[in-house]
Amino acid sequence: MSMYRRATQWWHRSDVTVRDLPLGLFFFVASFPTTSHGTKIGGLPDRPFDALAVVAIALECLPLAVRRRLPVGCVALVTAGFAIDQFRGYHTMAGTALPIALMSLGAHLEWHRRAVALFFSVAYVPLAVGFSRLGSGEPVSELVTFYVALAFAWGVGAWLRSTRIADAERRSRIATDTRTAERTRIASELHDVVTHHVTAMVVQAESARYLTASPERLDQTLTAVTDTGRRAITDLRHLLDLLNPDHGTDDRTPPVGRLLTLVEQTRQAGQPVEFTEEGTPAESTGSAELVAYRVVQEALTNALKYAHGSRTSVLVRHATREITVEVSTDGSGSRAGSPGGSGRGLAGLRERVDVLGGDFSADPQVAGGFVVRARIPAGSSS
């Protein structure tokens, strides 16, 4: 790591007082040349520097180190130093610290803002009266103008504070929306994985009841249940890996997956499925391939639930810029032994397809059964 980078990191980790101190030191040093003159109000004659001038300069400049941590105390000390500076006629460059302190007060004071603003406004009155009486006839309009300039510095600080708060609220909303969207995505992924595998296992286990007289078929069915359970565990592990901060990439394509394995698993559950895949998948499809997989998965899950044993067809067509999916059943089967559904799966699929700018529909067929269609634009990383 370079020395510059280490110094930068140290600077950002340092306390805010340490980071604000250089500004105060700069004004402190710049105010000492006898030829330097700064703010001059009240018309009082200039006076050579003496020991009290050093005190005044220190009171005006050094408190800038706490202008963010203790803004009220900073303004109080700077104002005291400014009064000594002007009434004694030093008129140093350190007077510039007063509007900076007021701007910091407006930007960083969190409590009793109106009361503090009123207090310092009232405190300006005896200061202005003193300038008027001790000075050489300073017009009242100039004292009022100086007050307006100080109020403007406060106003700039208040504007910076409101901007900072609005930006923090915006970032908070974005973070909340991001967390909500991520939780929704994870819930949808869990729904897809768990519902499909558990439905297949329930249907397979229900079928096993009637196969006690056929040991070979019973053994095949129980083996299918075991395989389905293992696939469920693998899919869930893959999904949970995505939640691990150390997980390198966000590859959400199911590791077992691919459509042929999904179709074969559904066939083992007793569902006759005709599968057709046309075209060649594009090299980069973004989230489209995963969404297409989930559409087929949810449609086959619903076929097991609501049309168990009926002929089911799956058509997946790959084009250059989109993937088209169509899953249909003829409705000739039964839903005996199938668990009920909440309708959340289809709603989640519709949201996923809509996010990618595609089209989704799930409708009953006239002759019975249902058909699910989805057009999913490819290449989006959403």
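Computed over heavy atoms, backbone and side chain alike; hydrogens, waters and symmetry mates excluded.
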Does one side chain, of Glu278 or His318, offer a donor that lies under 3.5 Å from an acceptor on the other?
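No, no side-chain donor-acceptor contact under 3.5 Å.
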
Establish, from distance only, whether the side-chain atoms of Tyr90 and Asp50 form a donor-acceptor pair under 3.5 Å.
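Judged by distance alone, the side chains do pair up.
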
Does [X] reach the main-chain N or O of [Y] with its side chain, forming a donor-acceptor pair under 3.5 Å?
{"X": "Arg113", "Y": "Leu109", "answer": "yes"}
{"X": "Arg47", "Y": "Ala53", "answer": "no"}
{"X": "Ser172", "Y": "Ala168", "answer": "no"}
{"X": "Thr329", "Y": "Phe370", "answer": "yes"}
{"X": "Arg373", "Y": "Ala362", "answer": "no"}
{"X": "Ser31", "Y": "Ala94", "answer": "yes"}
{"X": "Ser313", "Y": "Arg311", "answer": "no"}

Test of understanding: with salt bridge (Lys or Arg N to Asp or Glu O under 4.0 Å), list the residues that count as partners of Asp167, not counting sequence neighbours.
Arg170, Arg171

Can you list everything that forms a salt bridge (Lys or Arg N to Asp or Glu O under 4.0 Å) with Arg173? Sequence neighbours excluded, please.
none

Would Phe146 and Phe82 satisfy ring-ring contact (aromatic ring centres under 6.0 Å, His included), going step by step from the backbone distance to the final call?
CA-CA 13 Å; Phe146 184 68; Phe82 182 81; 5.7 Å; yes

Among all residues two or more places apart in sequence or in another chain, which pass the side chain to side chain donor-acceptor pair (under 3.5 Å) test with Asp15?
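Residues passing side chain to side chain donor-acceptor pair (under 3.5 Å) with Asp15: Thr17, Arg69.
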
Report the C-alpha distance between Leu105 and Phe120 in whole Å, list the side-chain angles of each, state the deciding distance to 0.1 Å, and finish with yes or no for side chain to side chain contact (heavy atoms under 4.5 Å, CB included).
CA-CA 11 Å; Leu105 182 66; Phe120 282 109; 4.1 Å; yes

Result block: side-chain N/O donor-acceptor pairs under 3.5 angstrom for residues 354-361, not counting sequence neighbours:
from, atom 1, to, atom 2, distance (Å)
Asp359, OD2, Arg375, NE, 3.0
Asp359, OD2, Arg375, NH2, 3.0

Evaluate side chain to side chain donor-acceptor pair (under 3.5 Å) for Gln9 paired with Arg6, printing each intermediate quantity in order.
CA-CA 5 Å; Gln9 291 179 349; Arg6 287 197 298 267; over 6 Å; no

Going through the checks in order, is the side chain to side chain contact (heavy atoms under 4.5 Å, CB included) test met by Gln271 and His308?
CA-CA 6 Å; Gln271 190 77 6; His308 183 224; 3.6 Å; yes

Residue [X] excluded, over 12 heavy atoms near [atom1] under 6.0 Å:
{"X": "Tyr147", "atom1": "OH", "result": "no"}
{"X": "Arg13", "atom1": "CZ", "result": "yes"}
{"X": "Trp11", "atom1": "CH2", "result": "yes"}

So that I can tick it off, tell me whether Arg317 and Glu322 are bridged by a salt bridge, with the cut-off set at under 4.0 angstrom between side-chain N and carboxylate O.
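So Glu322 does not pair with Arg317 through a salt bridge.
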
List in chain and number order the residues that pass side-chain contact (heavy atoms from CB on, under 4.5 Å) with Ala117, two or more places apart in sequence or in another chain; answer none if no residue qualifies.
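Ala117 satisfies side-chain contact (heavy atoms from CB on, under 4.5 Å) with Trp154 once adjacent residues are dropped.
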
Sequence neighbours left out, what pairs pass salt bridge (Lys or Arg N to Asp or Glu O under 4.0 Å) with at least one residue falling in residues 76-87?
none

